[in-house]
Amino acid sequence: MDYDPQELETRWRRRWAEEGRYEADPAADAADAADEDPTFITVPYPYPSGGMHIGHARTYTVPDVYARYRRQRGDNVLFPIAWHVTGTPIIGAVERLKKGEEEQLSVLRDTYNVAEDTLQDLETPMGYARHFIEDHYKKGMKDLGLSIDWRREFTTNDERYSKFVTWQYETLRDRGRLEKGLHPVKYCTNEEQPVTTHDLLEGEEAEFQEYTLVRFGRGDTVVPMATLRPETVRGVTNAYIDPDADYVIADVDDEEWFVSAPAVEKLQLQGYEVVPKRTVSGEHLVGEYVTNPITGDDVLVLPAEFVDAENATGVVMSVPAHSPDDYVALQEAKADDERLAEYGIDPADVDAIDPVPILSIEGYGEIPAKTAVEAAGIESSTDPALEEATQELYNSEFHQGRLNDEYGEFAGEVVEDVRDRFRDAHRETGAFGTMQEFSEEVVCRCGGDVVVAEQDTWFLRYNDEDWKQAAHDAVAEMEAIPENTRGEYDHTIDWLNEWPCIRNYGLGTRLPWDEDFVIEPLSDSTIYMAYYTIAHRLREIPTEDLDREFFDALFYGADAVDDPDERALELRAEWRYWYPVTYRFSANDLISNHLTFYLFHHAELFDTEQWPEGIVIMGMGLLEGEKMSSSKGHVVLPGKAIDEYGADTVRFFLLNSAEPWQDYDWRAEQVASVRNQLERFWTRAQDVVDVPGPEERPELATEDRWLLSRLQRTVAKVTDAMEGSETRTASQAAFYDFEEDLRWYRRRTDRSRPAARWTLREVLETRLRLLAPFIPFLTNELHEELTGTPAEDAPWPEVDAALLDSEIEVAESQIERVVEDIQGIQQSLENAEEDVPEADPDRIRVTVAADWKQEVFATIAEIGADQGAVMSEVMQDPALRERGNAVNDLVGELIEFARGRADADLDALAAVDEAAAYERAADFLGREFDADIVVQTEGQDVEAQKQAVPFRPAIELEAE
RNA sequence: GCGCGGGUAGCCAAGUGGUCAACGGCGCAGCGCUUAGGACGCUGUCCCAUAGGGGUCCGCAGGUUCGAAUCCUGUCCCGCGCACCA
């Protein structure tokens, strides 16, 4: 029968669905259930804001392979899936669709093949989600043959799920892990509401920057200067303002402030009470003096066009000693008496301004900005090198600059270490304020300006020390695969601050005590693995019964509430049966948020024994060496790949091309080659199925025993690899590596022998079981043909120690070695310019080393690769002593050979009867080289022309 | 800047102290099989070599060791993540 993956895969899919093959439940008998150690595998639920591509296929196939492996090992395995729809991406996608945005339509039509008459179904968020769930993810997952328990699926917008999340957040609040506070958000001044990155036209990369407002004063009016370098306040020599821009004098809280007009709204949005009183041009302040709140010095305000009134307060302080920008600006101001005079400034006052250094740094002079400007040869503020010089000096000063003595308690410290403390100290005294601003311009899709607003929000207190400690404990107790990711969790835990966990709009669960807000996606997905264990049975319970007490009873037991709901206690048994999660498989970029949140929340809400047992990190996918991108159409859809190659090929490629945590690259050429290999495997397996061998195990030839021994090694290696989720190593060993052994076996032996047929059948059955997690369709089919049972229902193979035979393996590798040596000699002879008849020999003479040489090797195998010890042992033997130097040379050579080999291998080698091994292989060697093979022993039959050494027989090619 | 990963033959890629001129795949070449092609099998694919050999080699430069692709130091280059975005 030809390999027809479409046909056979369709059949198995139907069978699995009809049988409910992967629906997992605790054992009916409670006592049995208590004994079991079930396996619970999870993977982050997909976000159906678009279709599924081949990268997703791998994300879900890796856990599937592990799940299938554990099932064959006899575990009860639960592998569930659900759908994450929380937040704004789906809403945003629907809105772009409804607006008829070309790019969005193109992604839907061209990349994801959405039919025209289906598009209207996508115009509601859940309609949109449902389309991608059903037609893409679910279909793709079923086509791939994922062993998912489909009864448990849900979406994060379901009302019962919301009840669960409600319980979670009420519990967290009661435990003091939630806190109300202010938080900077992106806010569209046109739409008058917060916006997300997806809503932006420009400035997606913009970062929040926290400016310090240094409260300079002019009389009773505060003139707040915005700076990112508050520690330079003692170096301020003057200020700059845009003389032509609009500024306002306003009441801010209980004071009068002077700020740029655009700053008014920003300050209002950031929690300041601002009432503008009158608008003036910047010129109003030019030529005036303002007072430095730290030093008490009065400094002159100069006009400057480079000041951007759109940024922060529109008034900046000048620190010419440390800012190349300011230094150059000051030079230019000094040089332009005319302009100063226009503004009524006495040029002499400006001339008198000298840079005031406030920190020292190696490699620069007393005035670092001067050094930098002069070194770069900058003469004008328009010189592009100025920006570079500024950046470089800024960096150096930040990491190496030490504050001068006038900084008192802060003196001598490096800026990097002292800036925040210095700033905080002056905030407390009231000299400094604060204001948030973006690092670049941000524009909303509606065209409105986006600014930073401080908004009331609820935070998760990931900064609580005791919570961090609990999360660290969770990391310490779990298995991190690969192990080098462990540090990343700890690092993230240390670095994580309070996390705003609500948004103004989006799908998902409302904040229980304030319906205006919705819990954001990374915060409503931290313990939902627990929900899987009960999802299917929760449907029988009316939503209104799913209150706080219900879940308290479910998760904390009968004693946790006064009158526990019986149904909750039943579900509790299910939860306790499956929990904790054995492995969570996830992408490495989720360590810095989702996975660490997962640990935090488990550490807080559940007992130690319910904490995650392990996390396996998965690598990224490339497509033909490049990043996948659905907007560019640079994706492969699983459906298309499965149509083209079959699901087994897709699975095998995804699992075999790299370990789960390594990056992989989908290359059509390689995939096609995998398909080819599977087809060949199928064809050869059919041969074995079609020509059955003897029922009972016959007398086996050496080659058969060799192959079976290799098979045992393969079983050991594959099992070991699977235990560590090394799917590449495992599938490589079971498929390709063993294929090499088979190739040798086919070459080496007569496969029509009954013993060979029996052996090949044995080998096939074992390999089908080893490969079943990877290519379940094909292996099920063949294993059923072979034995009557699908491979997945057969137990995982175990190493049969009786079939392991190191001696045979070692002897066989000697045969390989002889073949290679003969080929090497032939090659060398063929290199000759003239024809050498021996290159095509009629007779090959293989001479085995004399017995005394074998004895010397036996001594080495016994004692080890120690020249001195071996020599003194060997010299005890008078016969050997007689040979003197020859023995010494031989020992040296053999010790070289033995060094680095395991003792067990040396013992196996010592046990080999070389002559007998070559004699057994003589027919084979004769066929290989089309020559007569003569095996003889040195000193016994004839003396060879060349010296033989144990495991390196003398080989002589002879032509008639 | 902080954290992680990586640089191996034309390409992909295995290899963490000796069994390494370095697994395997792709590509290329020769031979066999075949009407032909494909598939399959065998052989070769850094340089030199008329007997299984020698030389050079694993980003670069040093070092440790009897011995290094593998360990250490320095250096260059590349990829990924760094938050309120799922």
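Letters go in sequence order (proteins before strands), and every chain restarts at 1. Worth saying up front: this structure is predicted, and the values here are computed from it rather than measured.
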* Asked: Are side-chain heavy atoms of F951(A) and E914(A) found at a separation under 4.5 Å?
  ->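 F951(A) reaches E914(A) side chain to side chain.
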Which pairs, protein N/O on one side and nucleotides 5-12 of chain B N/O on the other, fall under 3.5 Å?
residue: G5(B); atom: OP1; partner: N484(A); partner atom: ND2; Å: 3.2

* Any residue meeting side-chain contact (heavy atoms from CB on, under 4.5 Å) with A587(A), in chain and number order, not counting sequence neighbours ->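 With sequence neighbours excluded, A587(A) shows a side-chain contact (heavy atoms from CB on, under 4.5 Å) to D589(A), given in chain and number order.
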* Asked: What is the per-nucleotide protein-contact pattern of nucleotides 41-47 of chain B, from the 5' end, where B denotes a base atom under 4.0 Å from a protein heavy atom, S denotes such proximity for sugar-phosphate atoms only, and - denotes neither?
  -> SSSS---
* Y169(A): ring-ring contact (aromatic ring centres under 6.0 Å, His included) partners, not counting sequence neighbours ->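 Y169(A) satisfies ring-ring contact (aromatic ring centres under 6.0 Å, His included) with no other residue.
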* Answer yes or no on whether R748(A) is positioned over the face of F924(A), meaning its NZ or CZ is under 6.0 Å from the six-membered ring centre and within 45° of the axis. =>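 Yes, a cation-pi geometry.
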* Asked: Base, sugar-phosphate, or nothing for P500(A), non-hydrogen atoms under 4.0 angstrom?
  ->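 Result for P500(A) = base.
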* Asked: Across the strands shown, which category fits E679(A) at heavy-atom distances under 4.0 angstrom: base, sugar-phosphate, nothing?
  ->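 It contacts nothing in the nucleic acid.
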* Asked: So which nucleotide from A49(B), A83(B), G52(B) ends up closest to the side chain of N497(A)?
  ->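 My answer, after comparing the listed nucleotides, is A83(B).
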* To do: Let me know the distance between CH2 of W666(A) and P of C26(B), rounded to the nearest Å.
  =>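 About 17 Å, once rounded to whole Å.
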* **Residues that W467(A) engages under side-chain hydrogen bond (donor to acceptor under 3.5 Å, both in side chains), provided they are two or more places apart** => none
* Could I get the full list of side-chain hydrogen bond (donor to acceptor under 3.5 Å, both in side chains) partners for N504(A), not counting sequence neighbours? =>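 Q455(A).
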